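None of the values given here were measured: they were computed from a predicted structure.
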Amino acid sequence: MTEYIILMPLLIMMLGLVFVVASDSYINHKQKQIMFGIIGLITLLVVQNVADYLLQSVIEFPYLRTLVSIFGYVIRPIIIVLFCMIVKPNGRNTLSWILVIINAAVYLTATFSKAVFYIDETNHYQGGAFGGMLSNTAFVICFALLFHLTYCTVSVYRNRGAKIWIAITNVAIIFISALLDVSPAYLDYPVSYTTIAVVCCSLFYYIWLHLEFAREHEKALMAEQRVKIMISQIQPHFLYNTLSTIQALCQTDPQKAFETTEKFGSYLRNNLDSLDQPELIPFKKELEHTKIYADIEMIRFPKISVEYNINVSDFCVPALSIQPLVENAIRHGVRSREHGTVNIETRIDENGFNEILISDNGVGFDVNELCSKDGAHIGITNVKERIEEMCKGTFDIDSRIGKGTKITIKLPRKMK
């Protein structure tokens with residue numbers, strides 16, 4: 001009975017995988033159904049292996065052993081295709097399912113012919129009438145599907161760096177185990193090397209997938225948080241004050257009121273459009289939006305000015321990245337000055353980077369406040385994170401109380 005000890009850890013792993021999948025909040029209902037299907041088929045594969053071993057060494061029932069063997073050959077490729085469906089849910093698996101059907105059709109012929117394989121009168125497995133070529137159908141098809149699974153994994157997760165080798169290694173282990181099963185070094189156990197590898201690698205592969213699903217969920221939450229922060233950039237008091245300014249101008253300068261209303265509409269439209277811009281946008285577009293905002297503020301506060309020195313503009317930035325910095329400089333920096341000035345400059349630095357400089361002669365602030373997500377400068381923190389993550393750039397702040405603030409953004413000329 002010692003040869004059956006291997007069943008205990010395998011069954012424990014499968015039972016543990018059931019509980020893990022059932023409690024996993026990072027996969028959707030369809031993915032859970034597929035995983036439960038995989039677990040069920042793998043459990044049946046273990047049972048099939050044990051049954052085949054018993055029918056070979058303990059109970060002599062050739063026809064029943066034929067049916068059990070057919071079942072094992074049929075379900076192996078199905079397990080691989082189901083994993084492909086989890087890795088690439090929107091991928092087309094029509095060809096894979098055709099191979100599964102062909103594989104099943106080929107082995108079902110063993111019930112009435114000896115073309116594929118047969119169990120002889122002495123209860124020994126024999127290759128088919130074609131020298132065993134058809135009996136290797138499952139072997140060949142499973143290898144083809146394993147390569148397809150590897151392709152799906154690489155195509156979906158190719159940007160994950162070294163982590164992707166965890167998944168590829170699992171596929172390689174199954175591949176090597178299958179080779180051992182048909183090699184002279186194979187030892188007869190209740191469970192084949194391939195089945196042991198499938199159970200272990202399914203657990204490890206799912207753990208890897210879970211980590212990737214969790215990462216995607218985290219990124220989705222971050223994206224949602226960015227949208228909320230972007231929306232918060234449309235400050236209520238700015239809306240109210242601008243409307244009040246327009247109302248006052250309607251009586252004193254109707255033409256200017258008309259122009260301000262037009263600018264205000266463009267400002268709101270650009271802010272809302274930015275919510276649908278997850279990727280980078282041309283700097284010129286962001287600068288145009290910033291100028292609209294600055295023009296409105298200069299109408300409201302004639303004592304402030306925003307100056308531009310644009311030497312380079314053929315690059316991209318995240319949406320709502322420059323405007324919030326200028327807004328912060330005006331609101332928290334120069335508005336209280338007698339002659340407040342904000343300067344926006346772009347140039348190529350000595351190392352060939354696109355450099356954006358935003359400086360003001362405002363009151364300055366304590367840079368340590370940026371560490372607080374509840375601070376007044378949350379907009380700066382948000383821009384800094386997006387510059388570093390989306391552009392692989394740098395974001396530096398030099399602010400001195402009573403003297404002003406200077407923000408330096410450096411972006412590589414060619415961003416991936």
More than 12 foreign heavy atoms under 6.0 Å from [atom1] of [X]: is that the case here?
X      : atom1 : value
Lys88  : NZ    : yes
Phe36  : CZ    : yes
Lys256 : NZ    : no

Review point. After noting the C-alpha distance and the side-chain angles of Phe315 and Ile356, does the key distance pass the side-chain contact (heavy atoms from CB on, under 4.5 Å) rule?
Key: CA-CA 11 Å; Phe315 59 92; Ile356 306 171; 3.7 Å; yes
Working to the nearest 0.5 angstrom, can you tell me the gap between [X] [atom1] and [Y] [atom2]?
X      : Y      : atom1 : atom2 : answer
Thr169 : Ile174 : OG1   : CD1   : 11.5 Å
Phe175 : Asn170 : CZ    : CG    : 15.0 Å
Glu288 : Ile322 : CD    : CD1   : 14.5 Å
Ile141 : Ile101 : CD1   : CD1   : 11.0 Å
Thr66  : Leu55  : OG1   : CG    : 9.5 Å
Ile42  : Ile78  : CD1   : CD1   : 12.5 Å

So, do [X] and [Y] sit near enough that their side-chain heavy atoms are less than 4.5 Å apart?
X      : Y      : value
Phe301 : Val334 : no
Ile330 : Val306 : yes
His148 : Asn93  : yes
Phe353 : Ile348 : no
Thr260 : Leu249 : yes
Val100 : Val81  : yes
Cys142 : Ile80  : yes
Glu345 : Asn311 : yes

Give me the atom names and distance for the closest heavy-atom approach of [X] to [Y].
X      : Y      : result
Ser69  : Gln48  : CA-NE2, 3.8 Å
Lys392 : Pro412 : O-CD, 3.9 Å
Leu325 : Ile407 : CD2-CD1, 4.0 Å
Pro318 : Leu280 : N-CD2, 3.6 Å
Lys284 : Ser313 : CE-OG, 3.1 Å
Ala104 : Val74  : CA-CG2, 3.9 Å

Polar side-chain atom of [X] near backbone of [Y] as donor-acceptor pair, under 3.5 Å:
X      : Y      : value
Glu286 : Leu320 : yes
Ser177 : Ala197 : no
Asn361 : His339 : yes
Arg386 : Ala319 : yes

Do [X] and [Y] have side-chain N/O donor and acceptor atoms under 3.5 Å apart?
X      : Y      : value
Asp396 : Thr408 : no
Thr195 : Asn49  : yes
Thr346 : Asn354 : no
Asn343 : Tyr308 : no

Exercise for review: Would you check, one step at a time, whether the test side-chain contact (heavy atoms from CB on, under 4.5 Å) holds for Arg413 with Asp314?
Suggested key: CA-CA 9 Å; Arg413 290 287 290 173; Asp314 58 337; 3.6 Å; yes
[Y]/[X] salt bridge by N-O under 4.0 Å criterion:
X      : Y      : result
Glu297 : Arg300 : yes
Arg347 : Asp349 : no
Lys263 : Glu259 : no

Exercise for review: Carefully, step by step, assess Arg76 and Val198 under the rule side-chain contact (heavy atoms from CB on, under 4.5 Å).
Suggested key: CA-CA 9 Å; Arg76 285 187 179 94; Val198 167; over 6 Å; no
**Study point:** Set of residues satisfying side-chain hydrogen bond (donor to acceptor under 3.5 Å, both in side chains) with respect to Glu307, sequence neighbours excluded
**Key:** none
Point to revise | Sequence-distant partners of Tyr107, ring pair (Phe, Tyr, Trp, His ring centres under 6.0 Å), two or more places apart | key: Tyr73
Practice item. Under the side-chain contact (heavy atoms from CB on, under 4.5 Å) rule, what do Met85 and Leu82 come out as? Steps first, then yes or no, please. Key: CA-CA 5 Å; Met85 291 175 63; Leu82 291 178; 3.9 Å; yes
Review point. Are Phe143 and Phe139 near enough that their ring centres are under 6.0 Å apart?
Key: yes
